[in-house]
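Here the structure is laid out as structure tokens; the discussion comes afterwards.
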Amino acid sequence: MERRQIFAASAAVLGTALAAPRMVLAQAPAAQAPGFYRLKVGSQTATIVHDGFNRAPNITNGFVRNATPEAVTTALRDAFLAPPALDIPFSITFLETPTGLVVFDTGTGGQLGSPNAGLITANMRAAGIDPAAVTRVVISHFHGDHITGLTNADNSAVFPNAQVLVPEAEWAFWMDDATMGRAPEAMRGAFANVRRRFGPYAAKTERFAAGAEVAPGVRAIATPGHTPGHTSFIVADGSDSLVILGDVTNHPAINLANPGWHIGFDMDATMAEATRRRLFDQVATDRTRCVGYHFPFPANGYIVKTADGYRLVPATWSSAG
């Protein structure tokens, strides 16, 4: 009798549960949540803002100069990606310093023809970042996906109150008329873009040397090869530090796992490889957190040395910021 009563009571509870209205979303979201992520570097706050991505339709053909399509395909599959296409993300780092808000590189500005890029404006707004509040724009190098976001489509300044700091070796190369005159036709557009984007900031642009402090607690690290003056940055606050890599590496599945691979965008591929190995050896030994411009969002973690190269260990995601 007791057993029959228990079964009856259980059935009644189950029936009530099944009869209860189900909670459903009134309208499914059209996309992911806003793309920004905060982390602490000592007492300072860094905010990584996603600018979308560029979908390369066939990364196995020519993107890596010294690897076969079969080797690149295998590397992508080993990273659980779907060759031949590869989505290459863009992530921009903002840093709240004692003297003001600093941004490292500026993204694509939504002006490079990729339908999946140009999200920085919306994601800055979601993160509560006002472009007018930025006091310094610090540039790693002058490729279009790093500087085009300096200006709007009408070439007005996106960061109207900011001073712009650039590596002196990078400036010397791209702003030299003789170098531009000798450049292959395919590079002429890049030279023109450099002149256009820095134009509105001409009176507020300052060049810095390797090793210089570009903001309180932020030091420039010369990392040439990708471009002549490519520069990375180390943020130090107390015992904590963060390295902002820039384009020392592209997507981790490419030349983080394979540091000897030479990608087509590296202007001096041999030097880029030597730089990559030197810096990754250092951050792996020091266990320093890194931000990678082309790392999958939220684009930060730790570099571990392996038998043949390196691998990325994404930092533990935290809701605390």
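Model, not experiment: these values are computed from the prediction.
You'll find the side chain of Phe295 stays beyond 4.5 Å of the side chain of Ser91, heavy atoms only. In this structure the side chain of Phe297 never reaches within 4.5 angstrom of the side chain of Phe53, judged on heavy atoms. Contact of the Asn193 side chain with the Thr148 side chain is registered, since non-hydrogen atoms from C-beta on lie closer than 4.5 Å. Between Tyr201 and Thr151, some side-chain heavy-atom pair lies under the 4.5 Å cut-off. Residues Ile303 and Cys290 meet the side-chain proximity criterion, which asks for heavy atoms closer than 4.5 Å. Contact of the Met180 side chain with the Val194 side chain is not registered, since no non-hydrogen atoms from C-beta on lie closer than 4.5 Å. In this structure, the side chains of Pro296 and Pro252 come closer than 4.5 Å at one or more pairs of heavy atoms. Using a 4.5 Å heavy-atom cutoff, the side chains of Thr270 and Glu273 are not in contact.
With sequence neighbours excluded, the residues satisfying side chain to side chain donor-acceptor pair (under 3.5 Å) with Ser232 are Thr223.
Phe159 and Ile92 end up in the same hydrophobic cluster when Ile, Leu, Val, Met, Phe, Trp and Tyr side chains are linked at under 4.5 Å. Residue Leu256 is grouped with residue Leu279 when hydrophobic side chains (ILVMFWY) are merged at heavy-atom distances under 4.5 angstrom, including chains of intermediate members. Both Leu39 and Trp317 sit in one connected hydrophobic cluster of ILVMFWY residues. Membership requires side-chain heavy atoms under 4.5 Å apart, directly or through other members. If you chain together hydrophobic residues whose side chains sit under 4.5 Å apart, Phe280 and Leu312 fall into the same group. When the side chains of ILVMFWY residues are joined at heavy-atom separations under 4.5 Å, either directly or via intervening members, Val218 and Ile48 end up in a single hydrophobic cluster.
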| said: Thr97 vs Gln44, test: side chain to side chain contact (heavy atoms under 4.5 Å, CB included). Steps then yes/no. | reply: CA-CA 6 Å; Thr97 76; Gln44 301 186 55; 3.6 Å; yes
| query | Between His226 and Phe265, is a side chain to side chain contact (heavy atoms under 4.5 Å, CB included) present by the stated rule, with each step listed? | reply | CA-CA 7 Å; His226 182 64; Phe265 293 110; 3.8 Å; yes
| request: Would you sort out whether Leu112 and Asn54 count as a side chain to side chain contact (heavy atoms under 4.5 Å, CB included), showing the intermediate values? | output: CA-CA 9 Å; Leu112 295 183; Asn54 178 58; over 6 Å; no
| query | Can you list the steps and then say if Leu95 with Ile244 is a side chain to side chain contact (heavy atoms under 4.5 Å, CB included)? | reply | CA-CA 11 Å; Leu95 181 69; Ile244 300 170; over 6 Å; no
| said: Checking Asp247 against Ser140 for the side chain to side chain donor-acceptor pair (under 3.5 Å) test, could you report, in this order, the C-alpha distance in whole Å, the side-chain angles of both residues, the deciding distance, and whether it holds? | reply: CA-CA 8 Å; Asp247 277 9; Ser140 68; over 6 Å; no
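The closest donor-acceptor contact from the side chain of Asn152 to the backbone of Asp154 lies at 3.5 Å or more, if one exists at all. A donor-acceptor pair under 3.5 Å is absent between the side-chain atoms of Arg197 and the main chain of Leu150, judged by distance alone. With Tyr37 contributing its side chain and Ser318 its backbone, the two residues share a donor-acceptor pair below 3.5 Å. With hydrogens and angles ignored, the 3.5 Å screen pairs no side-chain donor or acceptor of Asn255 with any backbone N or O of Thr249. Between the side chain of Arg276 and the main chain of Val248, a donor-acceptor pair closer than 3.5 Å is present. Under a 3.5 Å cut-off, the side chain of Arg65 and the backbone N or O of Gly264 do form a donor-acceptor pair. In this structure a side-chain-to-backbone donor-acceptor pair under 3.5 Å is present from Arg188 to Ala183. At least one donor-acceptor pair closer than 3.5 Å links the side chain of Thr106 to the backbone N or O of His146. Judged by distance alone, with hydrogens and angles left aside, the side-chain atoms of Arg311 form no donor-acceptor pair with the main-chain N or O of Ala257 at under 3.5 Å.
How far CZ of Arg182 is from CG of Asp177: 11.0 Å, rounded to the nearest 0.5 Å. To the nearest 0.5 Å, atoms CG (Asn250) and CZ (Phe63) are separated by 4.0 Å. Between the CD1 atom in Ile221 and the NE2 atom in His230 there is a gap of 11.0 Å [rounded to 0.5 Å]. Summarising the geometry, atom CG belonging to Asn66 is positioned 11.0 Å from atom CD1 belonging to Ile263; distances are rounded to the nearest 0.5 Å. Considering CG of Asp87 and CZ of Arg55, their distance stands at 4.0 Å, rounded to 0.5 Å. Considering NZ of Lys40 and CD of Glu96, their distance stands at 7.5 Å, rounded to 0.5 Å.
When the shell of 6.0 Å around NZ of Lys204 is examined, it contains more than 12 heavy atoms from other residues, nucleotides or ligands. By the neighbour-count criterion of 12 heavy atoms within 6.0 Å, atom CG of Asp78 is densely surrounded, having more than that number from other residues, nucleotides or ligands. Residue Arg207 places its CZ atom among 12 or fewer non-hydrogen atoms of other residues, nucleotides or ligands, all under 6.0 Å distant.
Using modelled atom types and a 3.5 Å distance limit, the side chains of Thr60 and Asn58 yield a donor-acceptor pair. In summary, the side chains of Thr227 and Glu170 do present a donor paired with an acceptor at a separation below 3.5 Å, with no hydrogens or angles considered.
Here the options are Ile234, Val291, Asn300, Asp286, the test is side-chain contact (heavy atoms from CB on, under 4.5 Å), and the partner is Val243; only Ile234 passes. A side-chain contact (heavy atoms from CB on, under 4.5 Å) with Val49 is found for exactly one of Thr93, Ile120, Val103, Thr121, namely Ile120.
Of all non-hydrogen atoms in Val158 and Gly149, the two that sit nearest each other are CG2-O, 3.4 Å. Minimum heavy-atom separation, Leu76 to Ala253: CD2-CB, 4.2 Å. Closest approach of Met267 and Pro228 over heavy atoms only: SD-CD, 3.8 Å. The two atoms that bring Pro131 and Pro160 nearest to each other are O-CD, 4.3 Å, heavy atoms only. Shown here for Asn258 and Ala75, the closest heavy-atom pair between the two residues is ND2-CB, 4.0 Å. Between Ala209 and Glu168 the shortest heavy-atom distance is CB-OE2, 3.4 Å.
Here Phe198 and Phe142 bring their ring centres to under 6.0 angstrom of each other. In this structure, the ring of His50 has its center no less than 6.0 angstrom from the ring center of Phe90. In this structure, the ring of Phe173 has its center less than 6.0 angstrom from the ring center of Phe191.
Relative orientation of the His143 and Trp174 rings is perpendicular, given thresholds of 30° and 60° on the angle between their planes. Ring planes of Phe104 and Phe233: tilted class, angle from 30 to 60°.
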